[in-house]
Amino acid sequence: MFTSRKNVEDFTGPRERSDLGFITFDITADLENIFDWNVKQLFLYLSAEYSTKNNALNQVVLWDKIVLRGDNPKLLLKDMKTKYFFFDDGNGLKGNRNVTLTLSWNVVPNAGILPLVTGSGHVSVPFPDTYEITKSY
Amino acid sequence: MVRAGAAGTPLPASGLDIFGDLRKMNKRQLYYQVLNFAMIVSSALMIWKGLIVLTGSESPIVVVLRDNGDIKFLTKGDNNEVDDRGLYKEGQNWLEKKDVVGRARGFLPYVGMVTIIMNDYPKFKYALLAVMGAYVLLKRES
């Protein structure tokens, strides 16, 4: 896991500079036991959860993947970049030691209830105290 | 059995009475069935209105979100890579709880086809209503 951070103007949102986090990660997962005859697909997503001065709880989806029944249920993903920008609503990533990543998934049925499961355990990704000046990503 | 009377003489009272009774019975039964039908329809309407009052919502058969305090959502469509801010109101950057209409809890595939058919082919809707009405009116209390 590797993190770094920039402070960047988020053009899609309010015109203030917000923290933008960069995370590289690996995922190893065996999803075979989740699939059964009524599971059409899984919607997996990786989210970062943390507290800041502005917001008591932030939950940001960084990456997601759809795994269809029949796809290889064993995931071995290395050096993944986040799919979505990890913008904070403010400047709360700088020096934040308590950012945790959790993996969750929707079990999409052919018919019936749509459960949302959060994987137990989480990984902590402390952010550095300084900004990166430039980064090619 | 009909007894022919000679011209000028009235038919025996019993024959007329039977017809009269039958006519009265059918009318009464008919009114009873109409009232039954009306009761079913009004009960359904009352339950619906009661739910509207109870939930304080115009369409009460939806998921009710619990109050979680101030929450801001940033949403994204599932078939593109950008967030939905381009679709929000002018100057709006976040969604609040009141902007969220509902949340998917499950799937019942193809059940919606009944509604779709009734919308696309109104004759089907009327036919279905007619059949349901006829059934209620014509079924006999055994």
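The hydrophobic cluster containing A:Phe35 also contains A:Ile27, counting ILVMFWY residues as joined when their side-chain heavy atoms lie under 4.5 angstrom apart, directly or transitively. The hydrophobic cluster containing A:Val39 also contains A:Leu44, counting ILVMFWY residues as joined when their side-chain heavy atoms lie under 4.5 angstrom apart, directly or transitively. Note on A:Leu31 and A:Leu103: same hydrophobic cluster, where clusters join Ile, Leu, Val, Met, Phe, Trp and Tyr whose side-chain heavy atoms are under 4.5 Å apart, directly or indirectly. At a threshold of 4.5 Å between side-chain heavy atoms, the hydrophobic network of Ile, Leu, Val, Met, Phe, Trp and Tyr places A:Leu62 and A:Leu75 in one connected group. Side-chain heavy atoms closer than 4.5 Å link hydrophobic residues (I, L, V, M, F, W, Y) into clusters, and following such links, even through other members, never connects A:Ile34 to A:Val108.
Side-chain contact between A:Val61 and B:Lys76: absent, with no pair of heavy atoms (C-beta onward) separated by less than 4.5 Å. Two residues are said to be in side-chain contact when any heavy atoms from C-beta on lie closer than 4.5 Å; A:Phe85 and B:Asp83 fail this criterion.
Annotation: the span from A:Gln59 atom CD to B:Ile71 atom CD1 amounts to 8.5 Å, rounded to 0.5 Å.
When the heavy atoms of residues 110-118 of chain A are compared with those of chain B, the residues falling under 4.5 Å are A:Asn110, A:Ala111, A:Gly112, A:Ile113, A:Leu114, A:Leu116, listed by number.
Within a 6.0 Å radius of NZ in A:Lys74, other residues, nucleotides and ligands contribute more than 12 heavy atoms.
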Show me, pair by pair, the donor-acceptor contacts under 3.5 angstrom made by side chains of residues 123-138 of chain B, not counting sequence neighbours?
none

